[in-house]
Colleague: 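Could you have a look at this structure, given as structure tokens, before my questions?
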Amino acid sequence: MKIHFIFPPIWECDTPYISIPCLAAYLHKAGHQVTAIDLNIKIQNKILNSEELKRIVARLRKMLVCEIDAEKKKHIQEVMALADMVDFQVFDQAKDILKTSIEIKEIVWAKRILEIGRYIYSAQYFPAQFFSNEYSISGNRISSISSLMKIVNRSDRNVFSGYLKRYAKNISGKFDVIGISVAGTNQLIAAFTLAKYIKQEDSGVKICLGGAVLPYMRNSIYHSPELFHWFDYMIVGEGESALLRLLEFFEDKCDINDVPNILYAKNGQVIKAKGKMCENVHKLPTVDYSYVEWDDYFFKDKVISYLASRGCYWNKCSFCGLTANYGQKYRVKNAEQIVSELEELSNTNNCRYIVFNDEALTAFEIKSIAEEILRRDLKIYWSCLCRLDKQHNKETFQLAYKAGLRIISFGLENGSQKVLDLMNKGIELEIAQRVIRNSSEAGIWNNIYLMLGFPGETEEDIQHTKKFLEESESYIDTLGYGEFRLDGYSKVFRQPEKYGIWIEKYSKDYFGPDYSFKRNSNNSLEYIKQFEKYLLKFKFHPSYFIGIDLNILLTNLSQNRKDIIKEQIILSNKHRQAAYLLTSGSFSDIYVKSCIENYKCIDNEREKVYLFYSRLSGMSIQLIGDLDILLHEAKKGSMLNVIIKKYLEKYKGACDYQLLEDFLKNVVFHLSNIELMRVEERVKKWR
């Protein structure tokens with residue numbers, strides 16, 4: 001049969017996602033005719049170019065004349081003001097830089113510029129907006145089937161509607177089966193819209209929806225038979241065998257009850273498959289990237305995603321709902337099969353960068369993979385995720401570094417043993433510290449993840465986390481952190497009373513990705529808001545340094561550019577230090593006068609909007625409010641804290657202190673980041 005796979009927007013634009021290459025290889029091996037397209041990268045390439053965005057701006061000008069919705073009119077005015085300050089050639093330049101450079105500073109600039117392009121494009125569909133990792137309506141993500149259906153059926157709020165409609169018409173009648181793969185909730189609007197248009201063009205084609213996000217939506221889908229007006233089937237879980245059996249059902253070779261992991265509608269009810277299938281990873285073919293048009297991606301080098309296993313060998317963390325997708329069983333290929341596939345992928349795609357997407361590789365797997373790579377003299381560079389297990393040792397890390405391992409991401413989560421035990425993380429802090437040290441001393445870049453605000457964590461616990469970071473500072477290269485979110489398939493969700501929380505009720509069509517909850521304790525979480533400021537004393541925190549991701553790290557580290565990356569991170573931290581210190585009035589010799597330049601003011605009926613933009617940094621900043629006194633005082637050279645005080649005295653309640661302070665902090669960071677302020681000379685040692 002002819003099957004066509006589609007990966008819809010929005011997703012990252014630097015490298016192809018792994019789901020369709022896995023499915024394509026499996027079905028092709030079974031004798032089916034397989035084609036595929038990454039529609040995400042195709043559409044974003046069309047949107048993010050100078051001529052298309054000029055056309056959008058011309059359309060916005062016409063919309064402004066006849067727009068009657070006050071909020072939308074106001075938003076378009078703001079976007080037009082920003083567009084007036086932008087040289088539209090920068091959007092083409094930004095893509096060119098991403099496709100040709102590995103310089104972190106250039107990549108940071110280019111990514112910021114493209115976010116501005118997405119912002120301008122989205123204005124047509126206000127209050128809908130899309131960015132590189134978010135699709136929102138009025139600032140909120142779609143989290144229920146009912147709200148999703150409304151947006152799908154409203155072309156004025158459906159950002160990709162026009163492109164998807166044209167694509168559906170273009171492929172009409174060409175295929176027997178359409179498979180749409182969604183990795184995250186941000187792709188759902190495009191996926192459902194595309195299915196609707198495909199069905200309108202060709203009602204006889206079979207459409208199947210699958211992907212990593214569907215298992216987390218299982219309960220809401222059970223109560224939503226209306227979804228199957230557009231989709232004939234949904235695969236919930238691993239898809240290779242399920243999809244192959246479904247194609248055999250279409251060919252009258254088996255019964256529908258023989259197809260595992262699927263949902264479909266019958267007589268107004270959603271029917272669940274009787275069988276559940278977990279793949280035998282040893283029998284899966286090498287993933288197939290032959291359909292990929294590598295030149296489309298916004299990245300200089302080819303980076304291939306790879307899975308050596310399915311599931312997690314620990315699989316006990318109380319905050320994790322991974323079993324919703326892969327089940328309880330951990331399955332991993334042997335080292336010889338893994339490296340044979342890596343060698344094949346490297347040769348057929350002319351690629352030397354591999355990202356292991358496994359939940360975690362064991363110490364034994366890392367050692368055996370490294371030994372096999374060295375035995376074959378395979379020249380690749382790779383990254384992976386690992387648990388902080390006692391089995392890891394310096395000798396294995398040294399061996400792996402010699403075999404091309406350059407980055408390990410460790411999920412530390414917390415520096416308090418009490419909280420780790422509540423998480424059932426299976427980590428001992430003394431061992432974790434030793435593993436991180438051994439990895440670093442072997443030359444590997446350590447990327448650490450933290451989770452703050454887990455139920456039961458107190459301010460005392462965060463002090464333990466700080467102590468751990470201080471003791472391990474020399475061995476941590478980058479660090480990311482986030483606040484705890486309640487996964488609907490986690491142990492915490494199933495046993496909320498055990499963790500001192502109660503869960504707010506939702507309608508049956510709510511699919512998350514996370515759930516709202518209340519804590520039984522009255523412990524303040526203010527310490528989480530202050531944690532970023534605390535991290536500025538370290539050299540390893542790039543949370544807001546857009547552009548530092550694992551792919552660009554891997555390509556830089558393969559060329560021994562570790563010191564250059566460190567310098568960029570340290571400089572970024574200095575910029576943020578300046579912003580925090582300035583807003584507290586800590587330095588009398590730094591003034592806002594140099595900050596309040598190159599802005600545009602829009603007079604609305606109720607308020608003013610100030611827009612700041614710099615082509616040099618690729619940053620745009622916006623604040624709503626009457627800031628005449630701020631501008632006047634700034635031009636006089638007043639200190640920042642004096643400006644805030646005078647503004648609040650005059651305008652009482654027109655602007656919240658925190659909002660004003662945050663705005664000015666961002667302006668300072670904005671200008672210090674492009675070196676209009678000499679941060680390195682003016683910011684004293686952090687105390």
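In this text the structure is predicted, and so the values were computed from the model without any measurement.
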Colleague: For S136 and Q129, what are the C-alpha separation, side-chain angles and deciding distance, and is it a side-chain hydrogen bond (donor to acceptor under 3.5 Å, both in side chains)?
Modeller: CA-CA 5 Å; S136 63; Q129 286 185 313; 4.8 Å; no
Colleague: So, does N186 use its side chain to make a donor-acceptor pair with the main chain of I10 at under 3.5 Å?
Modeller: no
Colleague: Under a 4.0 Å threshold between the charged nitrogen and the carboxylate oxygen, would D296 count as salt-bridged to K42?
Modeller: yes
Colleague: Answer yes or no: is there an ion pair linking D14 with K111, defined by an N-O contact shorter than 4.0 Å?
Modeller: no
Colleague: Is it true that F250 and Y233 have ring centroids separated by less than 6.0 Å?
Modeller: yes
Colleague: Taking V177 as the fixed residue, which of I207, L246, L247, L27 is the one that meets the side chain to side chain contact (heavy atoms under 4.5 Å, CB included) rule?
Modeller: L247
Colleague: Could you walk me through whether R118 and E115 satisfy the salt bridge (charged side-chain N to carboxylate O under 4.0 Å, His left out) test, starting with their C-alpha distance in whole Å, then the side-chain angles of each, then the deciding distance to 0.1 Å, before giving a yes or no?
Modeller: CA-CA 5 Å; R118 295 180 180 101; E115 292 291 49; 2.8 Å; yes
Colleague: Roughly how far, to the nearest 0.5 Å, is CZ of F511 from CD1 of I145?
Modeller: 5.5 Å
Colleague: Judged by atom type as modelled, is there a donor-acceptor pair below 3.5 Å linking the side chain of S203 to the main-chain atoms of K199?
Modeller: no
Colleague: Please check if the side chain of Q187 supplies one atom and the backbone of A183 the other of a donor-acceptor pair under 3.5 Å.
Modeller: yes
Colleague: Would you please indicate if the ring centroids of Y125 and H75 are separated by under 6.0 Å?
Modeller: no
Colleague: Of the non-hydrogen atoms in N45 and K95, which two are nearest, and what is the gap between them?
Modeller: O-NZ, 3.1 Å
Colleague: Nearest 0.5 Å, please: how far is CD1 in I235 from CG in N261?
Modeller: 7.5 Å
Colleague: So F299 and L98, side-chain contact (heavy atoms from CB on, under 4.5 Å) or not? Walk me through it.
Modeller: CA-CA 5 Å; F299 203 72; L98 291 175; over 6 Å; no
Colleague: Is the Y515 to F493 ring centre distance short of 6.0 Å?
Modeller: yes
Colleague: Restricting to non-hydrogen atoms, name the atom on I142 and the atom on I151 that form the minimum distance, rounded to 0.1 Å.
Modeller: CD1-CG1, 3.9 Å
Colleague: Flag yes if more than 12 heavy atoms outside Q269 fall under 6.0 Å of its CD atom; otherwise flag no.
Modeller: no
Colleague: Could you report the tightest heavy-atom contact between A123 and K72, atom names first, then the distance?
Modeller: O-CE, 4.1 Å
Colleague: What are the two closest non-hydrogen atoms of D176 and K2, and how far apart are they?
Modeller: OD2-N, 2.8 Å
Colleague: Please evaluate residues T193 and S161 with respect to the criterion side-chain hydrogen bond (donor to acceptor under 3.5 Å, both in side chains), reporting the C-alpha separation (whole Å), side-chain torsions for both, the decisive distance (0.1 Å), and the verdict.
Modeller: CA-CA 7 Å; T193 303; S161 179; over 6 Å; no
Colleague: When you measure from the side chain of E279 to the backbone N and O of S241, does any donor-acceptor pair fall under 3.5 Å?
Modeller: yes
Colleague: Donor-acceptor pair, distance only, cut-off 3.5 Å: does the side chain of Y167 make one with the backbone of L39?
Modeller: no
Colleague: Supply the atom-to-atom distance C601 SG to L611 CG, rounded to the nearest 0.5 angstrom.
Modeller: 8.5 Å
Colleague: Apply side-chain hydrogen bond (donor to acceptor under 3.5 Å, both in side chains) to residues D509 and S220 and explain how you reach the verdict.
Modeller: CA-CA 4 Å; D509 73 342; S220 57; over 6 Å; no
Colleague: Measuring centre to centre across the rings, with the benzene-like ring taken for any Trp, is F160 within less than 6.0 Å of F130?
Modeller: yes
Colleague: Which heavy-atom pair separates P8 from A191 by the least distance, and what is that distance?
Modeller: CG-CB, 4.0 Å
Colleague: Using modelled atom types only, decide if a donor and an acceptor are shared between the side chain of S147 and the backbone of S144 within a distance under 3.5 Å.
Modeller: yes
Colleague: Is it the case that the side chains of S290 and D288 hold a donor-acceptor pair, with the cut-off being a distance below 3.5 Å and no angle test?
Modeller: yes
Colleague: Stepwise, does the side-chain contact (heavy atoms from CB on, under 4.5 Å) test hold for S305 with Y289?
Modeller: CA-CA 10 Å; S305 297; Y289 284 92; 3.8 Å; yes
Colleague: Kindly determine whether N551 and Y353 satisfy side-chain hydrogen bond (donor to acceptor under 3.5 Å, both in side chains), including the steps that lead there.
Modeller: CA-CA 9 Å; N551 290 338; Y353 299 108; over 6 Å; no
Colleague: Do NZ/NE/NH1/NH2 and the carboxylate oxygens of R310 and E240 come within less than 4.0 Å?
Modeller: yes
Colleague: With a 4.0 Å cut-off, would you call E248 and R245 a salt bridge?
Modeller: yes
Colleague: Hey, is E51 close enough to R55 for a salt bridge, meaning N to O under 4.0 Å?
Modeller: no
Colleague: Does Y135 reach the main-chain N or O of V159 with its side chain, forming a donor-acceptor pair under 3.5 Å?
Modeller: yes
Colleague: Would you please classify the geometry between the Y121 ring and the Y163 ring as parallel, tilted or perpendicular, with 30° and 60° separating the classes?
Modeller: tilted
Colleague: Here's a test for you: under side-chain hydrogen bond (donor to acceptor under 3.5 Å, both in side chains), which of Y291, Y297, Y17 qualifies with D38?
Modeller: Y297
Colleague: Please say whether more than 12 non-hydrogen atoms of neighbouring residues, nucleotides or ligands are located less than 6.0 Å from NZ in K54.
Modeller: yes
Colleague: Under 3.5 Å, side chain of D84 to main-chain N/O of A81, donor-acceptor pair present?
Modeller: no
Colleague: Verify the ring-centre separation between Y481 and Y449: is it less than 6.0 angstrom?
Modeller: no
Colleague: Considering residues, nucleotides and ligands other than K196, do more than 12 of their heavy atoms fall under 6.0 Å from its NZ?
Modeller: yes
Colleague: Between F517 and F484, is a ring pair (Phe, Tyr, Trp, His ring centres under 6.0 Å) present by the stated rule, with each step listed?
Modeller: CA-CA 11 Å; F517 66 96; F484 167 76; 5.6 Å; yes
Colleague: Identify whether the distance between the nearest side-chain nitrogen and carboxylate oxygen of D295 and K300 falls below 4.0 Å.
Modeller: no
Colleague: Is there a side-chain contact (heavy atoms from CB on, under 4.5 Å) between N170 and K174? Walk through the geometry before answering.
Modeller: CA-CA 9 Å; N170 184 52; K174 295 182 180 179; 4.1 Å; yes
Colleague: Under the side-chain contact (heavy atoms from CB on, under 4.5 Å) rule, what do I97 and W109 come out as? Steps first, then yes or no, please.
Modeller: CA-CA 9 Å; I97 284 174; W109 174 83; 3.5 Å; yes
Colleague: Please confirm whether the backbone N or O of D232 pairs with a side-chain atom of K206, one donor and one acceptor, at under 3.5 Å?
Modeller: no
Colleague: Shortest non-hydrogen contact from L307 to I18?
Modeller: N-CD1, 3.7 Å
Colleague: Between N349 (side chain only) and C351 (backbone N and O only), is there a donor and an acceptor less than 3.5 Å apart?
Modeller: no
Colleague: Please determine, by modelled atom types, if D92 and S50 share a side-chain donor-acceptor pair under 3.5 angstrom.
Modeller: yes
Colleague: Hey, can you tell me if F7 and W11 have their rings parallel, tilted or perpendicular (30° and 60° cut-offs)?
Modeller: perpendicular
